[in-house]
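Every chain is numbered from 1, with letters handed out A, B, ... down the list of sequences.
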Amino acid sequence: MPGLSFPQGVVRAMDAIFVSLMNGIVYGLLLFMVSAGLTLIFGMMGVLNFAHASFYMLGAYFAFALQPLLGFWAAIVVSPLMVAAVGVLVERYFLRRVHQHGHAHELLLTFGLSFIIAELVKLFFGNYPVNYRIPKSLDFSAFTLGGSDYPVYRILMAAIAIAMFVAIYLLLTRTRVGIVVRSAIYRPHMAEALGHNVPLVFMGVFGVGAGLAGLAGAIAGAFYTTNPNMALELGVMVFVVVVVGGLGSLAGAMLASLLIGVITSLAISVDASLADLFALWGARDWAEGVGGLLTLKVSSLSATIPFALMLLILLLRPNGLMGEKA
Amino acid sequence: MKTRITLLLMGVAVLLAVPSLVSQGLVNAAIQMLIAALFAAAYSLLCGQAGMLSFGHAAYFGMGSFATVHAMNAMGGSGILPTPLMPLAGAFGGLVFGAVAGYFATKRTGTYFAMITLAIAELVHALSPHLKGTFGGEAGVSTTRMPGWGIAFGSTNEVYYLTLVWVLVSLALLYLFTRTPMGRLTLGLRENVHRLRFLGYNTHGISIAVFALSAMFSGLAGGLQVLNNEAANYLVFDPSLSAAVVLNTYIGGVKVFLGPVLGAALMTFFGYAVSDLTQSWLLYQGTLFVLVMMFMPGGLAGLFSLLGRLYNRFGLQSLIPIVLLAGVSALMFTAGVTFIVEMLQRLFSQDYQAMAHANASMPWPSITLLGKSWSPAAWTTWAVPLTLASVGLVCAVAAKHWLHQLTSREEVAHTAFAKTSSPAGAAQ
């Protein structure tokens, strides 16, 4: 813009904020891809599937294992299908068996399954990150901002996540299958009485949810690292997303994913501490004297912010930002 | 009742005799077993008796650890807290943190409760490495065990006896708690909160109290761990510790008081015993947990009480063949599966893969297991354990069928008896 020029420092700061905002949105969209399935399954069966993030990990490892055989794109298509099959098996032969014992029992069972999946992954692929990389053909920058290149792969991830959101939304709201699924979620007994095969719907949604998590893993595993801890690391974050967004709400999951992605991403770049806040009232010396939490940099707190947010939401608005069912 | 007390006294006698029976390394393992057992018992007060599923109990264990380590450094084993009483600092740490965390967590029930406990544990886990003053950063905080009450506490045996006394006293207290009115109310929390509230009880208050009590004994276990290790590190907040206590408790059997104690002691012992032999111990533990959750929700303790009931009903003679068959089938299944897992583990290990890739033209080198070498390309290597496992599975199904037949035969006999003896039966 002619006639309007910012000082160099401000421009650089704005670029940095813009980049971390973008990164946060992409990470948030990735969180959404995993949490969408989780929240749908919870809304439907009342089970919080502890093994859901394990499906994400399986997606990454399957894609890594298939890549030499099929190539990158085919591996990304086949891997989620395999994960969906695993999900169907888990629902049919594990969860359905213990359904009679109640939700706590189901939660514990999925907890055990997540444990087994992590250990199996370690058994076959070792304890350390595997060399799952983006193919060379996709490894270029989309645009350059403030001297740093922005990888096109991030934009691709975001595009896939958005396409998925739109697809699920249209499927659930515009098609006959979607109506049956929503009714099975909302009033399972009534849907069953009307002649729909509700157990089959449950199995299908479980499989699709697992497949979506697998897709997210197959795509994101190449960009971030693929290691046996990725399920646990992402898993707790996904729980936070689902609880903050409201268990069972797809739109809530989207909102919470973006919120948490952006907050954690922005927090990393904030080089201030609570003592700086106290400095506004001239209490900096006191705060620094107290030490501990008050002098910690926000950037080093970024991993804890989501959990604090989750506690806050659970206490202030227990059903989440957009939750309906208590 | 009398046999129970005899059994209990015998158990205590064995525990007292442990240091004179086994090697020092095993005494150390026994200390770990005792600590894990107390932790599991404290956990099962919350999840078994009050029905509140916590996925973050490592937080209270860890708080107890750090409270003890700081108390040990501050007091040097003298003053009001001599070394033998140090675990009280851990109990206090667990109690305070548990009361605060419990206030928030028990505001909600069910899945939400589980999520809050998970979030609190993760919060502590993520925060603790950054608070260097309190948690000592990566290096942790170390301390020394001072002599107290005329005991040096230098040898493992002395620490063992100290741990044993604390664990037995705590277990006794936890057991006595279940006999108090408050302990009955705890069961009420699990069974029907609404009715409890209707009767005029402050259910939130009771929940906080139970949560804090459970956290207190967890903290005590953490304190004992610090007394043993003379150090505490932020790794005690690791989610794997929270996971281990859940697994141990349910494998042992959550419905019986000593079930979790048994489960934790056994699992810790096996973890110690096989740590040199296998790298897949956690996989076996997880598999055992899932099998327990699916087929035997009562856990190991539930299995024992089932055997006891069957024994009372059918006597030893008709039971022995079934139990033998079940035992043999379990053994065969375990042997087959373990063999396959261990073969796979070695086959996919980095060393082996590197070796196989180095000379790709050669056939795959064989793997040594159980003192014999097996070729991964030979079909017998896989067929033998697979057959073993499937035969075990078939035998298990047969044993189950047999047992079913036995119980149903008696029921048929009962109904037949009822039909001939009572006119109401004849009229049906």
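The candidate from A/G112, A/G126, A/S114 with the greatest count of non-hydrogen atom pairs under 4.5 Å with chain B is A/G112. Per-residue counts of heavy-atom pairs under 4.5 Å with chain B were compared for A/V98, A/L232, A/L108; the largest is that of A/L108. Note: B/L282 leads B/L282, B/T111, B/L344, B/T287 in heavy-atom pairs under 4.5 Å with chain A. Taking A/L48, A/N127, A/L109, A/L123 one by one and counting their heavy-atom pairs under 4.5 Å with chain B, the maximum is reached by A/L123. Highest contact tally toward chain B, considering only A/F50, A/Y128, A/F124, A/F94, is held by A/F124 [criterion: heavy-atom pairs under 4.5 Å].
At least one side-chain heavy atom of B/F295 sits less than 4.5 Å from a side-chain heavy atom of A/R97.
For B/S280, the part lying near chain A is the side chain, with the backbone staying farther off; criterion is any non-hydrogen pair under 4.5 Å. For a residue to count as touching a neighbouring chain, one of its non-hydrogen atoms must lie under 4.5 Å from one of that chain's; by this rule B/A105 does not touch chain A. Contact annotation for B/V124: neither backbone nor side-chain heavy atoms come within less than 4.5 Å of a heavy atom of chain A. Using a 4.5 Å cut-off between heavy atoms, A/F125 does not touch chain B at all. Neither the backbone nor the side chain of A/I305 comes within contact range of chain B; no heavy atoms are under 4.5 Å apart. Both the backbone and the side chain of B/L123 come within contact range of chain A, with heavy atoms under 4.5 Å apart. For B/I116, the parts lying near chain A are the backbone and the side chain together; criterion is any non-hydrogen pair under 4.5 Å. Within the 4.5 angstrom heavy-atom criterion, atoms from both the backbone and the side chain of B/F104 approach chain A.
Distance NZ/A/K122 to CD/B/Q345: 12.0 Å, rounded to 0.5 Å. One distance of note links CD of B/E122 with CZ of A/F239; it measures 10.5 Å at 0.5 Å rounding. Distance CE/B/M115 to CG/A/L311: 12.0 Å, rounded to 0.5 Å.
Using a 30° and 60° split on the angle between ring planes, B/F55 and A/F111 fall in the tilted class, from 30° to 60°.
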Legend entry - side-chain contact (heavy atoms from CB on, under 4.5 Å) between B/L283 and A/F115, worked out: CA-CA 7 Å; B/L283 176 62; A/F115 211 82; over 6 Å; no

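Under a 3.5 Å cut-off, the side chain of A/H105 and the backbone N or O of B/M293 do form a donor-acceptor pair.
Looking at every heavy atom in both residues, A/A104 comes nearest to B/L53 through O-CD2, 3.9 Å. The two residues A/T304 and B/A126 come nearest to each other via the heavy atoms CG2-CB, 3.4 Å.
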